[in-house]
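Remarks on the structure that follows.
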Amino acid sequence: MLKLSPEAAKEIGRLKLKQPENVLFRLAVKPGGCAGWFYDMSFDAAIATDDQIFDCHGLQVIIDPESLNYLDGLLLDYSEDLMGGGFRFNNPIAHANCSCGNSFSIMT
């Protein structure tokens, strides 16, 4: 199951206010990045019949079935430091992460 920290939900909610109405937050995993897979976050009004919708801190999150295989147990956090703010992905199935934090590899 996907988990969002309260800070991540708050930041996504803030970003969502800048989007057209009736869009939902979509989280996906796509091939690429320096470690093999990367996280893709977007806002989307289209929901496929096989998409899963999760309610996290009052925020609806859409995940396609294939991405769900790579996101089970993921904790999405958000924090700010002297270098700025950013989302942090804590994924228990990730075997290794690249230094940017947005790309990961898994055991095959």
Side-chain angles (χ1 to χ4, degrees):
M1 169 155 255
L2 169 75
K3 299 175 197 120
L4 292 183
S5 72
E7 294 82 8
K10 182 179 176 182
E11 180 63 12
I12 294 166
R14 185 188 72 76
L15 295 171
K16 186 178 175 188
L17 290 174
K18 298 178 181 182
Q19 302 296 316
E21 288 191 38
N22 300 322
V23 296
L24 298 176
F25 175 69
R26 180 177 290 278
L27 181 59
V29 171
K30 297 184 178 181
C34 48
W37 298 94
F38 71 94
Y39 302 104
D40 182 60
M41 300 186 301
S42 62
F43 291 97
D44 197 348
I47 302 171
T49 56
D50 58 350
D51 281 343
Q52 298 287 319
I53 301 176
F54 296 89
D55 186 50
C56 301
H57 299 284
L59 182 74
Q60 290 187 314
V61 180
I62 308 168
I63 301 176
D64 67 88
E66 188 169 328
S67 292
L68 195 56
N69 294 326
Y70 300 98
L71 297 173
D72 190 31
L74 175 83
L75 170 61
L76 178 58
D77 193 15
Y78 179 84
S79 63
E80 293 188 14
D81 56 27
L82 294 175
M83 299 300 290
F87 288 97
R88 313 288 188 248
F89 300 89
N90 183 354
N91 192 338
I93 69 162
H95 173 69
N97 296 304
C98 79
S99 61
C100 71
N102 292 329
S103 181
F104 66 99
S105 65
I106 57 171
M107 295 281 278
T108 55

Considering only heavy atoms from C-beta outward, does the side chain of Y39 approach that of V29 to under 4.5 Å? yes
Non-hydrogen atoms of N90 and P92 that approach each other most closely: O-CD, 3.7 Å
Where is the tightest heavy-atom contact between M41 and L76, given as atom of each residue plus distance? SD-CD2, 4.2 Å
CD-CG distance between E11 and D77, expressed to the nearest 0.5 angstrom: 11.5 Å
Check step by step if side-chain contact (heavy atoms from CB on, under 4.5 Å) holds for I12 and F43. CA-CA 10 Å; I12 294 166; F43 291 97; 4.3 Å; yes
On a heavy-atom basis, which atom in S67 and which in L27 lie closest, and how many Å separate them? CB-O, 4.5 Å
When every non-hydrogen atom of I62 is compared with those of I47, the smallest separation belongs to CD1-CG1, 3.7 Å
Under the criterion side-chain contact (heavy atoms from CB on, under 4.5 Å), I'd like the reasoning laid out for F25 against K16: C-alpha separation, chi angles, the key distance, then a yes or no. CA-CA 8 Å; F25 175 69; K16 186 178 175 188; 6.0 Å; no
Restricting to ring-ring contact (aromatic ring centres under 6.0 Å, His included), what partner residues turn up for F54, sequence neighbours left out? none
Are any side-chain N or O atoms of D64 and backbone N or O atoms of A28, one a donor and one an acceptor, separated by less than 3.5 Å? no
At their closest point, which heavy atom of D81 faces which heavy atom of R88, and how far apart are they? OD2-NH2, 3.7 Å
Under 4.0 Å between a Lys/Arg side-chain N and an Asp/Glu carboxylate O for K10 and E7? no
Partner of L74 under side chain to side chain contact (heavy atoms under 4.5 Å, CB included), picked from L2, L68, L4, is L2
Which pairs pass side-chain hydrogen bond (donor to acceptor under 3.5 Å, both in side chains) with one or both residues in residues 18-33, sequence neighbours excluded? R26-D44, R26-D51, K30-D40
State yes or no: do M1 and L75 share one hydrophobic cluster built from I, L, V, M, F, W and Y residues joined by side-chain heavy-atom distances below 4.5 Å, directly or via other members? no
Can you name the closest pair of heavy atoms from Y78 and G85 and give their distance? OH-CA, 3.4 Å
So, taking the atom named CG in L59 and the one named CG in L24, what distance separates them when rounded to the nearest 0.5 Å? 8.5 Å
